[in-house]
Number of protein chains: 2
Amino acid sequence: MEQLLRRIDEEITSSGGKRSRGRGQIIEIFFRSRRHLTVEELTRKVRVKNRNIGSATVYRTLKLLTKMGYAKELDFGEGAKRYESNLTEHHDHLVCTACGKVSEFEEPGIENLQEEVARRHGFSPTMHRLAIYGYCSRCAPSVDTVKSGS
Amino acid sequence: MEQLLRRIDEEITSSGGKRSRGRGQIIEIFFRSRRHLTVEELTRKVRVKNRNIGSATVYRTLKLLTKMGYAKELDFGEGAKRYESNLTEHHDHLVCTACGKVSEFEEPGIENLQEEVARRHGFSPTMHRLAIYGYCSRCAPSVDTVKSGS
DNA sequence: TTGGCTGCAAAACGTTTGCATGTCT
DNA sequence: AGACATGCAAACGTTTTGCAGCCAA
């Protein structure tokens, strides 16, 4: 973790940027947080530590991390975008449209088929997004009417 | 086509809605159009036929069609959402990040794996979105350096 | 006549940007 | 000192909403 922060810091300074207190805090809290933060959520967290940070800086920092490849933008269609660390293995998302819970999965078979489809269309893929929407196990509409329940 | 429009009309009226001139025009033009329209594009098209229609009505109509299941919202991360008919076979998208071209594909294998993944997670899928981003054949970065070409 | 539907304009929302100021080197 | 970074608030583009009038049933 410290190592990661140092690496990012170096990459920023070596391309003409500067080390700043606020940005360091934003980056650290971003990588220590659970996944899928909105800018507003991250701003709130950061402001607990440093009341002076405004959301513009958080936007600018996340955009920077995204451009550097350390963060990834997600859009679950909620209005606001979400961001997550781009360091973990690639994964896709299961989004429950009832409770909003997002879980993750990996499926190499899907990845492979995507590569194949792309190739078949003369397309050079750089990235993809797959989200499956539906009901998680807790929210699944009551399964049947056994015993004409309720 | 006429049949589809009549069906939608019926569904609207039978749930307390009314037939209105403007909405009918919007719906017809929407289904006759090429895929992936933004609200602004559709509004422009509709206004050629009926100068009085405002984009608020287009927003309201597309939202209605979406809720009824006849249209589908897409988000390719351009800022504005796009809409397409939800009547055709299911397909996914290849988005060229250079020229913006969007093409479509179907891959039953991917669909099946998605079902399986969902089941494995106790998830009841209702829908999914898959977009592969990259370069289309026209925009692909020059392929190689054969003969140290310029 | 009633209630839905409309256009318009204003509001709301997430995001970006201009600018004067602050901070790092 | 100089350049980059920041907060604030204004600007932006998209979408939603309040409202008075309109139109279909």
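These numbers were taken from a predicted model, which means no experiment stands behind them. Each chain gets a letter, A, B and so on, in the order its sequence line appears, and its residues count up from 1.
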Are any of the side-chain nitrogens in [X] or [Y] under 4.0 Å away from the carboxylate oxygens of its partner?
| X | Y | result |
| --- | --- | --- |
| A/Glu40 | A/Arg44 | yes |
| A/Arg32 | A/Glu2 | yes |
| B/Glu107 | A/Arg120 | yes |

[X] [atom1] to [N] [atom2], straight-line distance once rounded to whole Å:
| X | N | atom1 | atom2 | answer |
| --- | --- | --- | --- | --- |
| A/Glu11 | D/dC4 | CD | P | 17 Å |
| A/Leu37 | C/dT15 | CG | C1' | 17 Å |
| A/Lys63 | D/dA5 | NZ | P | 16 Å |
| A/Lys67 | C/dT16 | NZ | C1' | 14 Å |
| A/Glu10 | C/dT25 | CD | C1' | 16 Å |
| A/Leu64 | C/dT15 | CG | P | 17 Å |

Are [X] and [N] close enough that a side-chain N or O sits under 4.0 Å from OP1 or OP2?
| X | N | answer |
| --- | --- | --- |
| A/Ser20 | D/dT6 | yes |
| B/Arg23 | C/dC5 | yes |
| A/Arg21 | C/dT23 | no |

Qualifying residue, where the test is side-chain contact (heavy atoms from CB on, under 4.5 Å) with A/Val46 and the options are A/Thr57, A/Ile27, A/Ile53: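 The residue from A/Thr57, A/Ile27, A/Ile53 that satisfies side-chain contact (heavy atoms from CB on, under 4.5 Å) with A/Val46 turns out to be A/Ile53.
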B/Ile12 or A/Thr13: which one's nearest nucleotide on DNA chain C is closer to the 5' end?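 With B/Ile12 and A/Thr13 compared, the 5'-side residue is B/Ile12.
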Between CG of B/Asp9 and CZ of B/Arg19, what distance do you get to the nearest 0.5 Å?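 CZ of B/Arg19 is found 4.5 Å from CG of B/Asp9.
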To the nearest 0.5 Å, what is the distance between CD1 (B/Ile132) and OG1 (B/Thr97)?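 Spacing of CD1 (B/Ile132) from OG1 (B/Thr97) equals 12.5 Å.
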Have A/His91 and A/Glu106 got a donor and an acceptor in their side chains that come within less than 3.5 Å?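 Checked: A/His91/A/Glu106 side chains show no N/O donor-acceptor pair below 3.5 Å.
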Closest nucleotide among C/dT15, C/dG4, D/dC4 to the B/Lys18 side chain: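 Nucleotide nearest to B/Lys18's side chain: C/dG4.
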Can you work out whether B/Gly17 or B/Tyr83 has the more 5'-proximal nearest nucleotide on DNA chain D?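 Mapping each residue to its closest nucleotide by heavy atoms, the 5'-most match is B/Tyr83.
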Shorter than 3.5 Å, N or O on both sides, protein versus nucleotides 8-14 of chain D: list them out with atom names.
none

